[in-house]
Structure formats: structure tokens, C-alpha cells
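The figures here come from the full heavy-atom set of this structure, side chains too, leaving out hydrogens, waters and symmetry mates.
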Amino acid sequence: MEADDVSVREQLFHNRVRETIICVLLFTCLYMVSYLILTHFKKTAEFVTEDIEDATVNKIALWLCTFTLSVAVCAVLLLPISILSNEVLLTFPQSYYMQWLNGSLIHGLWNLVFLFSNLSLVFLMPFAYFFTESEGFAGSRKGVMARVYEAVVLLLLLALLVLGIVWVASALLHDNIARKSLYVCTPFGLSRMFSVTGKLLVKPRLLEDVEDTLSCTSFEEDSLCRKLKKIEGSSTTSCWVKLNMEAMQKEYRTVQRKRIALEMRGKASPWQRNLGYPLAMLVLLALTVMCVLMVCFNVLELLLDEAAMPRGMEDPHLGMASFSMFGSLGAAVQVVLILYLMVSSVVGFYSSPLFTGLLPRAQDTNLTQIIANCVSLLILSSALPVFSRTLGITRFDLLGDFGRYNWLGNFYIVFLYNMLFAGLTSASLIKTVTWAVQRELIRAFGLHRLPLTVSRSTVPFRLLLASGLSKIQ
């Protein structure tokens, strides 16, 4: 009997060591990738400075931001890893090499992500901001430790203030939906995905002569360049001349970007120009429609079956049954849709007028912006599992503390949120598609060159037809 107890304890010990090694390796890989991403966007001048103290402080803050971004990426991968692990165990139930992939490992990963995400949001990121802005208390000895003391004191004061506000708010509302509120960006992001993808790919232009348009744009650019040189060479420095010069410089940059886009379109192959863009748009349209259909199906299930409500579970029984009625193919589609929702949420977040200024720029993003971006991405990513389960994108129930939110059991909140998501996404999609078709038709028939005083709706249909036939000929 004692030998059996020893063997059981040894097995538990080995399992715990194995899970720890796997989690450390996973997080180390994510940390390296996150560090490469941040170093691509950071402003180099802040880390290469004559003041060694400032450079050290900025490096420590960057390491904290890298840790936070790593946690955010891991939170995004929680559901995909869990769903794919279940499918792998279903495919290879008796495989010796897959025994390490078990419910205990997945459950521990969920708990670690929840712990580290809250740690980063509450302590690490506020500390990184105060650390970079602090200079040490008055009269204290200067140095890195003086900045640490000031940052810790400010962090404690902020924590007391926030705890007081949260206590009052929880007493009044009894519901915590803070993280979920940012996902109003997702329907807007789903519609913005079409325009963002369109900027990255070469668009096919109907009935357009690219060479003719490029020559006209180059001529316009040369003309504006000569005018700018003439104004810069003149000795007049009146306010009117300065305003005229600023407006002309802005117009010159716009024409220059247009010329570069036309040159890229001219260099693109016919396959890339005529097949790549339509296929990308069809894929985005299919993914968006699938998201809306799955949410609508989830709404019907909420009305008919109480089991459709999101809830938490303590012990994930992996390898027992697939989380999709379509098997492995359905599980793969769920993973793709979850990642697509995350990308759409990020696009919608950075496209909103309030957060456009946070958009990072390569080698030109200061440390404060990096901290703000890491916090925003962590909030979006840590809410992704709850968001995906609430919308019915997956049937994988929430693990650990992710499934202990009070509002998850409130039918009205879950139902209204599903309806709101489906309605806003459908409206945004219809508006995006109709406006895109109208814009391309107007450009194809040359109506975008009409003066603003001429209403395009008053142009006779015969003129449109004649214009289109002449371009075809």
C-alpha cells in the first residue's frame, strides 16, 4: 500500500514538473517573439542616450511591456490551444507521445494567464509608467532605486484609490463587465477589415487605363513640385504665402502617395491584380458571414436550451467528445473564427477616433505609447475567451477564474449582447459592401472627376453607358 502511495506521489510530481517545463518553454518563445515586435516599434533614441540612468529605466520598462505582451498573446492562444488539444487527443487516443497533453496542463495554463494578466494590468504596467515618469523624491539620493521607491509609493496610492472606486461600483452594480465593454469595437473592426486588407493588396480597377492615370499623376506631381520650389525661392514671408505653401505640400504628399500606389499596381502581375484582391475579399466576407450566422444560431439556442448559456468548468475532460458538431473540421473553423475576431477587434480598436493616436509606428513609438498599447492589447486578448464563448463561436466552456464572472449566468445580458453584435455587424457589413460597390462603379465610369457642384445622381444613364462603352473600345 505504501509503495502504491509513493508511486502515485512520484507520478504527480513528474506531471507537475512536466507541465511547468512546458509552460516555461511556451512563455519563453512568446517572450522572444514579443521582444522582437516591440524592438521593431520602439524609438531607438530613448534607449541610446548619454544618460545611463534613463536608458536603464527605459530598458526595465520595455522588459515589463514585453512580459505583458507575451501574456496577451498567450491569452489569445488559450482557446485555440484548448480546442486543438481536444481534437488531437480524439484523433490519437492511445498515443504514448500525446499523454503530456491533458486537462491538467490546459487548466493550469488558463489559471496562469488569468493570474499574469491581472498582475500586469494592476501592477506591472502602472509601475512601468510611473517608473519612466519618476525622478525620485525631493531631497533623496538620485539613482534607479530612488525612482523605484517613488513609483512604488505612487502605485500603492493608485491601488487604494482604484480599490475604493471598485468597491463602491460593485456595491451599486453587482456586475463586472469592464473587459467586455471594449468588444463593441469588434463589429466596427469586422467592417474595417475590408478596407485595411484593400490597402495591403492591389485592387483591380474596372475599365481603367493604369498607364494613362499614372502619366497624369506624374505630370501633376511635377507641376506641384515646381510650384513649391518657386514659392520656397521667393522672398515673400506673409501668412497667406505660408498657408498656401502648407496646403500645397499636403496636396503634393497626397499625389505622391497616389503615384506610388499606381506604380505598385502597374508592377503587379495579372494574377495578383485580378485574382488576389477578389479572393481576399471573398474570404473576409465568408468569415464575417459565418460569425454572424453562428451568433444567430446561438441566439436561437439561448431561447430554446439553457445549456447554451456560457458557464465555467473545473475539470476539462479532453479527448472525450469534439466541441463542434462537425468534428475536427468544425473545430478548425472555430479556431480560425476566434483568431479572426481578435484581429478584427484590434483593427476596430485602432480605427476608432479615440484610439487612432495610439497606433504604433515602426522605430517611432515612444515608451508611453508602448505601455498604452500593451495595456489595450492585454485587455482585448484576456477578454477574448469570454467573448468567444458568450457569442457561441465555440462550445468550450471557460476554465478557472474566467468562468466565475457573475454576469455569465444572466440570460438578459448574454442574449442582448448577442443580438447587439449580430445587428451591428450585419449593418456594418451591408454598409461596407454597398459603399464599396458604389465607389468602384463611380471610379470605373470616371464620375469621380466630376466637380462637386454636379450631382452624380443627376447624370443620365445614357451618359454612363456611353462613357463605359467608349472606355471598353
Side-chain angles (χ1 to χ4, degrees), residues 76-77 79-80 83-84 180-204 274-302 308 310 323-326 329-353 355-356 359 376-377 380-381 383-396 414-441:
V76 173
L77 298 177
L79 273 178
I83 295 172
L84 294 178
K180 188 179 144 192
S181 60
L182 265 182
Y183 269 86
V184 178
C185 302
T186 307
F188 178 59
L190 289 172
S191 63
R192 284 284 299 170
M193 285 292 292
F194 292 88
S195 58
V196 171
T197 307
K199 293 179 182 178
L200 300 175
L201 299 176
V202 179
K203 293 183 181 180
N274 299 321
L275 189 62
Y277 180 80
L279 283 179
M281 292 297 107
L282 286 176
V283 170
L284 292 179
L285 182 62
L287 291 175
T288 307
V289 171
M290 288 177 64
C291 287
V292 175
L293 291 178
M294 292 185 72
V295 173
C296 293
F297 183 73
N298 187 54
V299 170
L300 293 177
E301 281 193 320
L302 288 173
F323 292 105
S324 173
M325 64 179 67
F326 299 103
L329 178 61
V333 171
Q334 288 181 5
V335 171
V336 173
L337 291 180
I338 290 170
L339 297 178
Y340 177 61
L341 284 178
M342 182 62 198
V343 175
S344 302
S345 302
V346 173
V347 171
F349 175 79
Y350 285 116
S351 300
S352 64
F355 305 106
T356 304
L359 186 64
S376 303
L377 293 176
L380 289 172
S381 60
L384 181 65
V386 182
F387 174 70
S388 302
R389 181 62 186 91
T390 303
L391 294 179
I393 302 298
T394 180
R395 286 293 180 265
F396 190 91
V414 175
F415 178 78
L416 290 177
Y417 191 70
N418 278 263
M419 292 293 294
L420 182 66
F421 179 87
L424 290 178
T425 304
S426 301
S428 300
L429 181 62
I430 293 172
K431 181 181 177 181
T432 300
V433 173
T434 54
W435 275 97
V437 173
Q438 181 182 359
R439 184 170 57 252
E440 293 299 326
L441 289 176

Checklist entry - What is the distance from atom CG of Leu337 to atom CE of Met294, rounded to the nearest 0.5 Å? => result 6.0 Å
Checklist entry - So, for Thr356 and Ser352, which heavy atoms are closest and what is the spacing to 0.1 Å? => result OG1-O, 2.7 Å
Next on the checklist: Are the side chains of Ile393 and Phe387 in contact, using a 4.5 Å heavy-atom criterion?
Outcome noted: no
Checklist entry - What closest approach, in Å, do Leu284 and Tyr340 show between heavy atoms, and which atom pair accounts for it? => result O-OH, 3.6 Å
Checklist entry - Does the side chain of Phe349 reach to within under 4.5 Å of the side chain of Ser376, using non-hydrogen atoms? => result yes
Checklist outcome for this item: On a heavy-atom basis, the closest approach of Ser324 and Ala331 is CB-N, 3.7 Å
Next on the checklist: Could you measure the distance from the CD1 atom of Ile338 to the OG atom of Ser388? Nearest 0.5 Å is fine.
Outcome noted: 4.5 Å
Checklist entry - Who are the side chain to side chain contact (heavy atoms under 4.5 Å, CB included) partners of Ser426, not counting sequence neighbours? => result Val292
Item to check | For Val76, all residues meeting side chain to side chain contact (heavy atoms under 4.5 Å, CB included), sequence neighbours excluded | outcome: Leu339, Met342, Ser381, Leu384
Checklist entry - Which atoms form the tightest heavy-atom contact between Ser345 and Leu380, and what is the distance? => result O-CD1, 4.4 Å
Checklist entry - What pair of heavy atoms forms the shortest contact from Arg389 to Thr394, and how long is it? => result CD-O, 3.4 Å
Item to check | Atom pair CZ (Phe415) and CG (Leu420), whose distance is rounded to the nearest 0.5 Å | outcome: 12.0 Å
Checklist entry - With a 4.5 Å heavy-atom cut-off, do Val295 and Thr425 have their side chains touching? => result no
Item to check | Sequence-distant partners of Leu377, side chain to side chain contact (heavy atoms under 4.5 Å, CB included), two or more places apart | outcome: Leu69, Val346, Tyr350
Checklist entry - Is there a donor-acceptor pair closer than 3.5 Å between any side-chain N or O of Asn418 and the backbone N or O of Thr390? => result yes
Checklist entry - In this structure, which one of Leu391, Leu416, Asn298 forms a side chain to side chain contact (heavy atoms under 4.5 Å, CB included) with Phe421? => result Leu391
Item to check | Exercise: identify the closest heavy-atom pair between Phe323 and Gln334 | outcome: O-NE2, 3.4 Å
